[in-house]
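Just so you know, ligand 1 is whichever comes first in the structure, and atom 1 is the first atom listed for that ligand.
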Amino acid sequence: MSAVIDVGGIKVSALNDGEVHLPPMYYPGLDFGAHPELLQADGTYHIPVGCFLIQAENLTVLVDAGLGPSSIPFPGDIAAAAGLTDPPESIAAGGLLPGALAAAGVGPADITTVFLTHLHADHIGWVAPGGVPFFPNAVVMCSAVEWQTPPVSPAPGELEGRRGLAVARAAGVLRLLDAATAELAPGVRAHHTPGHTPGHYVVSVSCHGEAAYLLGDAVHHPLQLNDKGISFLSETEPERALRAREELLTALQGRNVSIGMTHFPGLDFQRITTANGREWTAAG
Ligand SMILES: [Zn+2]
């Protein structure tokens, strides 16, 4: 297991900004009764808030910008709906990304491109927390349709994150994508994979015959590899999300391609082997 991989000379590191604490109802179709090991004592499933750093000569791209320096108190109505008597203090807590970047030897000013797979709160928080751009030299890229379509009922933290994007927009550094694919840097491409959100993109890295994919939230839970009945509560179009997920998993299975997913426990890179049916296998 490795949270840093080399893709033909391009270094890709998984960084964690924090933790999200989700009641079982966030994963419709997942039988937590059959998987009690997934739940912590507080009755929620804990997932990391992943970001990915892509580094090569003259290339420092950050894929997703975490939750930001904030902690979102666990909403009382969600605790009640989930039947949680002793919920965790927060439903999501960020704040770790600056330290993770420093540990990787990278400062905020080194990042040249921040690419956002989609605009949920746990992917945009460090763009400009409190209205101050955190990456002073970076362009910020995301889907045009997603930027132009604010959420009807925003999740906690989402509006604050979008205010950060507005700051980037006002500063002239927000680049909006509407193409099916786009080159972010040599060897680094974004691919439109709508479903989780209308403007969700995954990112591929390829160099000297090696390849990696960063799937964002297109795959949200490891069990989705073999169970098409598991979805995620905030998916805007669950059926389209399933289609996108299956296309990606099918395209990647049985290949020597390292895969990173934002919310997989440990943020370790995986491959999909097929010798005994589809299985996650540690990459590296
Ligand atoms: Zn997410």
Would you say the side chains of Thr197 and Glu146 form a donor-acceptor pair under 3.5 Å?
yes
Measure from the ring center of Tyr45 to the ring center of His21 and say whether it is less than 6.0 Å.
no
Counting backbone and side-chain atoms alike, is an N, O or S atom of His123 positioned under 2.8 Å from the Zn ion (ligand 1)?
yes
Check whether any N, O or S atom of Asp217, backbone or side chain, sits closer than 2.8 Å to the Zn ion (ligand 1).
yes
Quick one, His191 and Tyr213 - any side-chain contact, counting heavy atoms below 4.5 Å?
yes
Please state the angle at the Zn ion (ligand 1) spanned by OD2 of Asp122 and NE2 of His263: what is it, rounded to 10 degrees?
80°
What I'd like to find out is whether the side chain of Ile272 reaches to under 4.5 Å of the side chain of Leu249, using heavy atoms alone.
yes
Answer yes or no for His118: is there an N/O/S atom below the 2.8 Å cut-off from the Zn ion (ligand 1)?
no
